[in-house]
Amino acid sequence: MKKKLMTISVVVLALAVLLMLPACAAPEPEVATLKVGCIMPFSGPASPWGDAIKPQMEVYAELINEDGGIEIGGETYQVEMFFADGEYSPEGGSRAAKELVYDKKVSFIVGYYGDGFPATAAVTNPEKVIFISKEHPDFDPLGKHPYTVIGTPVIEFVDTQILAFVEAHPGTTKVGDLESTLVEPMLAEEIAQAKSELEERGIGLVSQTHPVGITDFTTYLVKFDEEGVDLIYTWAATGYVAMMAKQSAEQGYDWYLCQAGTMLDPYEFAEMAGYEAAQGTMSDWPCPWALKKVEVSPELLEMAGRIADRYQEKYGEPMRYMGGFGYGLQHMSQLFAGLEKAGTLDPDQIMDTFKGGTFDTFLGEYTLSGEKTYGSPLVFGYPNCLSKLEGYEEVYASEHPILEIL
Amino acid sequence: MPPPVVWMDGLVLSSIYILIASGLVLVFSIMGIVNFAHGQLYMLGAFLIYYMFARAGINYFVSLVITAVAIGVLGVAIERGLLRPLAPKGLLPPVVVTLGLIFLFEGIATLFFGPEKKAVPSAVPGVSSIGALTVSNEKLLVVAIAIAVMVGLYFLVSHTKMGLAMRASAQDPYTASLYGVSRGRILSLTMFIGCALAGIAAALMAPLYYVDPWIGLTPLIMALLAIVIGGLGSVLGAVVGGALLGFSGTFLIYYLGPWSELAAFVIVIAVLLFRPEGIFGRPKA
Amino acid sequence: MKKVIPPAVGLVLALCFPLVTTDPFILSLLIEAGVWAIAVMGFVAILRTGEFSLGQAAFMAIGGYASALVTINLGIPFWFGLVFAGIMAALVALALGVVVLRLGGIYFAIVTLVFGEIVRIVALNWQGLTRGATGLTPSAPGTIHIGSITIDFIASKVPFYYVIVLLVLVAAVVFWRADRSRLGRIFRSIASNETLAEHMGIHLMKYKVIIFVIAGFFTGIAGAFFCHFTLFMGPTTFDVWDSIMILIMGIVGGTSSVVLGPIIGALVLSAGGAYLTSALMVGMKPLVYGIIVIVVVVLLPGGLVDLGRYISRAPRISSLQGVKRHKKRGN
């Protein structure tokens, strides 16, 4: 009996402690604060991205608060960040949005990293919480989602991105596009457009789709080789791109490998693919201070430098992942610029300011307007550059020619 | 006919499925339960190889042996500490515990090793050309070791006293015990060998691909399918099932693209409809 | 009469809960827990016939897609979508059950797992119908006007809450009745001896299939409800992990009762788990779940539902030995 009693008390105690812990959260600060939420994957295979961007965003908020905060309509606000685990799934995004909106009472959600935009917007819109997200085919600013902003127009520029990679590699005759079944339907339209644009230039494009979770791409690469492909474009996460690089090298294929994103950690990428195989892999690198052509406001350039410095100071290692400047940090800069300009916290007025407005952000000047999606903050002149892996570093390769194309 | 590279790739995939599936089936044949955490043991093995070979710089083959032994010992600890005490309560509790271990091991790996993908360098760098076939030395090594291990396993099970005791215990534990076969020792031994096979598979695969806390799921599902195709309880069945899945996987990718994923599952359904006990399984009494 | 009191008290408490709080975060957690509770009841009901399903989430996916597709493409109201979802899932369960319940044991577990993967792969690749990974965006139920009363499913979570309470209630009554039916009782009393059952002319298979179909019906409805609640339906909305979660909720809650255990399991792991991990351990959910499962199976083999009985020193009954227990009682 004693043993039983012990067991019961242990189980009950453990449950009680687990349930009590959340109650011990810190009391609310009394300064006027802007509550900004952020949904990113913190569990599961996509969590390295969440883990990489979160500290950068915290550092940015910290620096803003040290500088006195954000001034909105004559009053200054401190920024308070809340992070929730979106698990890189629509359900996870929905749950995280509920937690941030209903429980943490945030007024804005930024830095969404995941592909479940509709489920997340379904929570934020009725509450008029402004949601700055990555692009999604279901984005509907005039109907269902009036309080959403596309902060990172990744899909819109797939065709120009492909053209940019092709221009960086003169002599390309055929592009091979290799996507997982998870992203293929999202990109289909843009890939078709890229195909026709390439055909005008006498360049072919073939697409292949692979199931999620495979690590051996050899068979797909063999088929590309049979097709005579000399440049591969992919949206795959950087770990899979490393596999493609490695397996290409094993077969002696010397095509150019180009990824839509950027490397989480160039060193680990080179290790994973094999040093020789990894060399020359190109990424789309949204790092502003390496760009000469794109004008980024001096204050934000300085801030970008301070973020990197503070990050190194705080974590004892250099800030390697630069994609944050295209996601979380970028969305924060968009939000703060919009708020300062609107001079109010009223969501409707903020959205009015966003529509058609021009703002300074980490990636340069953003104009949030557009005829085809009026009210949608589609960006014209998404100022990226391409990078190339040299040794263990991602270095500046060439200007993103989107500016000229548009 | 697909080009030789595709055949080679099928052989590499088959090797890994066979190693994992035969470990799983060995444990099933003696204990009567499917260890759903088998894939996560594979994952932990891959991390061991990463820390020993890639980080500490210990010789690859030494690391491989240590990994196999360590994962085997972990398996024995699971068997003695969790599965055996639960055995009298029926088949369900031990199975549920192995499902719980999936979450536990993935959680521990995320917490202590981190969620980032990790690279294990090649033990035998370079590429070989055999006629029209170009293949990395690493893949050749994987296939060679896998074949050696499976041959070793065959001799162990069918030509040694230990193997005889295992087979006897699998067929009829009670009678086997009358002949002096200790059930407890056989259980531990089987779990050790089965999990060590997962460790070997991990050590072979880690340099080919990468290591993260989630690499265990796909091999586990493929191994489950392989043993259903081959027949639960038959190591030979696991070999045939693994090879069937490995080769059909790469061939169908070559011809069908993403729908190839479905093929493995359709094969399983077909086998179960027409020969429910699997190709090499014993029909139910 | 005595037996009716505890469930009635539970129901009244559930119905009165929105008077305590209408906080949408808490209600959302409870609504999701309700969805899982229904699915877990189905799993436990099947388990009590001696079969171990690892593919229950597939029925949620079928229900979710069925409802999302007919409401979006044909403009049929949510309520009919819900029923249609149940019927579709039940039909699939019938077809699958007739074929694979014959196999039984571990084969059944693996085939249901395989079935779940097939549903996911088909949903992912059949883009013409399902839009693949982009997913479908079903809408919330339309606003209802009854006289001067307006029920708005978007402005508040309360209507959703009452709908799920009602669905849980209906499912609970049906599963409880099926479990206590003459067939159900006979089944459990002889399930351990199939030869005896054959001699008695009892169609074990028939009962198993009936339970499997009922479970499919309600699991499909639960899936449909969930997708109209989160307003999204995709190939990974209900996948193999969700099937495993259903199983874990069932075991943690306890399988000695077909209603109470699943409700407790779903509340503790779905609502409690979400609350815990959001509040203090971002990204630690798998670890916490793993520990809970192992601790419960090892220390509390009857599941949490047995905690009360355990404390009151009543004879300990392992839910996982459900079959044996009923045999004893029958004597």
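- The residue from B:Ile186, B:Leu83, B:Leu26 that alone fulfils the side chain to side chain contact (heavy atoms under 4.5 Å, CB included) condition with B:Met31 is B:Leu83.
- Heavy atoms of B:Glu106 lying under 4.5 Å from chain C belong exclusively to its side chain.
- Counted by atom type alone, B:Arg183 and B:Ser169 present one or more donor-acceptor pairs between their side chains at under 3.5 Å.
- Atom CG of C:Leu136 and atom OG1 of C:Thr237 lie 9.0 Å apart (nearest 0.5 Å).
- The contact between C:Val114 and chain B is made by backbone and side chain atoms together, counting heavy-atom distances below 4.5 Å.
- In this structure, chain B has heavy atoms under 4.5 Å from both the backbone and the side chain of C:Ile118.
- B:Leu91 does not touch chain C: none of its heavy atoms, backbone or side chain, sits under 4.5 Å away.
- The CE atom of C:Met41 lies 9.5 Å from the CG atom of C:Leu260; values are rounded to the nearest 0.5 Å.
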Check the pair B:Phe103 / C:Trp241 against ring pair (Phe, Tyr, Trp, His ring centres under 6.0 Å), numbers first and verdict last. CA-CA 10 Å; B:Phe103 291 91; C:Trp241 292 114; 5.7 Å; yes
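- At a 4.5 Å heavy-atom cutoff, the contact between C:Ile291 and chain B is made by backbone and side-chain atoms alike.
- With a 4.5 Å cut-off on non-hydrogen atoms, B:Leu86 touches chain C through its side chain but not through its backbone.
- Classification of the C:Phe115-C:Phe59 ring pair by plane angle, with boundaries at 30° and 60°, yields tilted.
- Neither the backbone nor the side chain of B:Ile227 comes within contact range of chain C; no heavy atoms are under 4.5 Å apart.
- Below 30°, between 30° and 60°, or above 60°: for B:Phe47 and B:Tyr50 the angle between ring planes is above 60°, a perpendicular geometry.
- For the atom pair B:Ile221 CD1 and B:Tyr17 OH, the distance stands at 10.5 Å (nearest 0.5 Å).
- Residue contact with chain C, scored on non-hydrogen atoms closer than 4.5 Å, involves the side chain of B:Leu217 exclusively.
- Contacts between C:Leu54 and chain B at a heavy-atom distance below 4.5 Å involve the side chain alone, from C-beta outward.
- Contact of B:Phe36 with chain C is made through the side chain alone, with heavy-atom distances under 4.5 Å.
- Of the two parts of B:Val268, only the side chain, counted from C-beta on, holds a non-hydrogen atom closer than 4.5 Å to a non-hydrogen atom of chain C.
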